[in-house]
Amino acid sequence: MTQAIEIRNVEKRFGNVGIIHDLNLSVAQGERHAVIGPNGAGKSTTFNLISGHIAPTSGEIRLNGDLISGLRPFEINRRGLSRSFQVTNVFARMTVWENVRCAVLWATGQRYAFWKNVDDLPEVRQRTAEILDDIHLLHRRDVPAGLLTYAEQRELEIGITIAGGASVIMLDEPTAGMSRAETERAVALIRRLTEGRTLVIVEHDMSVVFGLADRISVLVYGHIIASGTPEEIRNNPKVKEAYLGEEGH
Amino acid sequence: MSDTATSARDLPVPARGQSLRFYGIWVIAAIVLIVLPLLFSSGSSLTSFSLIGIAIIFALSYNILLGQTGLLSFGHAVYYGLGGFAAIHVMNAVTAYDWPIPLPFIPLVGGLGGLCFAAVIGWVMTKRAGTVFAMISLGIGELVASSSLILRSVFGGESGITTDRTALPHMFGWSFGPQIQVYYLIAAWVMISAIAMYALTRTPLGRISNAVRDNPERVEFIGYDPHVVRYLASCFAGLFAGVAGGLTAINFEIANSAYLGAVQSGLVLFATFIGGTSYFFGPILGAILVTYLQLGLTNLTTVWQLYFGIIFIGIVMFAPGGIAGLLMMHRPLVRSGTLGMVIPSYLLALVPTLVLVCGVILGIETIAHYTESQGQGNVIALFGIPFDATAASTWIIAAVMIVGGYAVARITWRRIVDAWDRATTDARDRGHLA
Ligand SMILES: Nc1ncnc2c1ncn2[C@@H]1O[C@H](COP(=O)(O)OP(=O)(O)OP(=O)(O)O)[C@@H](O)[C@H]1O
Ligand SMILES: [Mg+2]
């Protein structure tokens, strides 16, 4: 079976500064893959490269075997990859309902239709309601997204990401800034919503990472120093030295 | 935590009462348009109503860009003007070649004119949003306006191109000679255009336009190309601006380069912003107010543009949501029944604020009069009271009204803020505010 995501020899420079170099990573279909690494290691940049937010300087990225490096984000999204953002990135003046509904539109084939009443599309309505139910925001449906609490905005961020039904979901620090209880709730949510899909997640909370992930990659200074099962990563001396070791102290 | 009382399946079908109210508003609007000329039948009111109707379509079309898609255009009159010229040329061709196109369909020709230009120029224009779009729209506006003076055969130079609307095939036995018939033609197109533009906001494209306005970056990650969205939005804006231009051509039986110019582009921005861009009906209010002021003020004062400027700055600074925003602010208070808590403070503030405004007007008029027309009589009549622009007493009265009015008004404005605080707290306690 082809890998869901396959990154080969990717390099990214901003001007003269090399942020990502010799990046190789593969994520199997249906796998839950966590990317960990210290601040500034290039985790979000890796997400930006895969999702088409920025183009790699060299190297290639494949989604389900198709070359996607160099494509625009919406083209990649239409091929079944959806991502969330580390800093909440929603449609602030629109209601929670409309935020999620917009994310459902393309996936249900509405395209740029200007001859259909958006309230009259049963499939769109039903999927939107289901997603809102899933992320526990149904009771807040008419509130502008900008007025939600922080934790609610993070949940909406996840909702928008999964709404299109993409087969590959990428979440960039979905639980950052959440309390213990909120984190647990969010992790349960992520586990349930990404059932049967491929998940790539950036996360700093090690209990979340080791609880959720099938495989883990460790990114340090723009390079993956190790990739393997949680057990392998826990026992990897290079990782201990470069990353986990610091936390152990 | 999740609300079990409301099942996910059957949720948001609009309630029956809501849709009744929704159709009710359109029916009322239609009745108002029909009845207006019966109540005010003088020639000048018919002319005003006709212009207001056209301004409503134009402002609504502008809001497809500004309010719905977040595109600030400084050249919207290009579509309006080209629509007007398309209409004029087709009207003359209909007359010359005896085509069977009756006058009521001519605005559609204007619309197609606007649409075609938007379709051609829009792709490049909408590549980027923000400042880039604003600057390109300004450039295109200047470009078209200046070419209109050069291409005499198409635009008729300074004098423009004229037509005779009564020479077209008649419909329902109407010649469209009398202004009342033109008014009803405009009114019909106002209804058609407003309903169509409202419907547009409720389509997938309309909603994605809002998303592009709020956050074009994120739109790319839910499968949409913001460039295409902006392009389609500008095509629709061009279409309806063209309809407005076509109606203007019918109304005045002339199209000239002023239709395309920066002044016209500025006016529509002005009307839309003053009315409020966040609500569909905002630009309608703005178009009514600005057209009315424009017609009224030009007769009353030579410095009417100055007042426009002051109003505009005031709205930008104190009510960025425009008139519609100000009105809709009160909705939660009405719902929670706490509106009564703020009304007294409004009434209290009314008197000193009016004094302040009158003082400012007196000051402006005195200065304008003093500098402009020293030779010809110094008496100006304001609010029915004669003032001598050279008399020191006039200047002192103005100064006292401004300073005194402001001092007192400030106190009453603060009371409004306090009253608002109490009212919103109460409204929140009663669960009517998020
Ligand atoms: N557009 C850009 N231009 C220049 N440098 C950039 C750009 N984007 C990111 N960087 C740099 O790349 C490095 C990696 O950033 P990135 O956001 O990918 O880190 P991260 O691993 O996600 O960190 P964090 O855990 O703090 O989110 C940082 O040093 C950052 O300053
Ligand atoms: Mg990051």
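Numbered from 1 within each chain, the chains take letters A, B, ... in sequence-line order.
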Exactly one candidate in Asn210(B), Val219(B), Ile208(B) meets side-chain contact (heavy atoms from CB on, under 4.5 Å) with Phe91(A); the answer is Val219(B)
Closest non-hydrogen atom pair, [X] against [Y]:
X         : Y         : result
Arg213(B) : Met94(A)  : NH2-CG, 4.0 Å
Tyr112(A) : Leu232(B) : CB-CD1, 3.6 Å
Gly223(B) : Phe74(A)  : C-CB, 3.6 Å

With a 3.5 Å cut-off and no angle check, do the side chains of Asn77(A) and Glu220(B) form a donor-acceptor pair? no
For a side-chain contact (heavy atoms from CB on, under 4.5 Å) check, start with the C-alpha distance between Asn215(B) and Asn89(A), then their side-chain angles and the critical distance, and finish with the verdict. CA-CA 8 Å; Asn215(B) 191 345; Asn89(A) 202 354; 2.5 Å; yes
Worked verdict on Ser51(A) versus Phe221(B) for side-chain contact (heavy atoms from CB on, under 4.5 Å): CA-CA 8 Å; Ser51(A) 62; Phe221(B) 294 91; 3.5 Å; yes
Please tell me if the side chains of Trp106(A) and Tyr224(B) come closer than 4.5 Å, counting only heavy atoms from C-beta onward. yes
Using a 4.5 Å cut-off on heavy atoms from C-beta on, say whether the side chain of Leu121(A) contacts that of Pro204(B). yes
Do other residues, nucleotides or ligands put more than 12 heavy atoms under 6.0 Å from [X] [atom1]?
X         : atom1 : result
Tyr150(A) : OH    : yes
Arg128(B) : CZ    : no
Arg111(A) : CZ    : no

Interatomic distance, Leu205(B) atom CG to Gln110(A) atom CD [nearest 0.5 angstrom]: 12.0 Å
State whether the side chain of Asp214(B) and the backbone N or O of Arg93(A) hold a donor-acceptor pair below 3.5 Å, judged by distance alone. yes
Is a side-chain donor or acceptor of Arg218(B) paired with a backbone partner of Val90(A) at a separation under 3.5 angstrom? no
Mind ranking Thr161(A), Asp120(A), Leu137(A), Val118(A) by heavy-atom pairs under 4.5 Å with chain B and telling me who comes out on top? Val118(A)
For Thr128(A), which atoms come within 4.5 Å of any heavy atom of chain B: side chain, backbone, both, or neither? neither
Please classify the contact between Arg79(A) and chain B as side chain, backbone, both or neither, with a heavy-atom cut-off of under 4.5 Å. neither
Is chain A contacted by the side chain of Ser209(B), its backbone, both, or neither, given a heavy-atom distance below 4.5 Å? neither
So that I know where these two stand, are Phe114(A) and Phe236(B) an aromatic pair - ring centroids less than 6.0 Å apart? yes
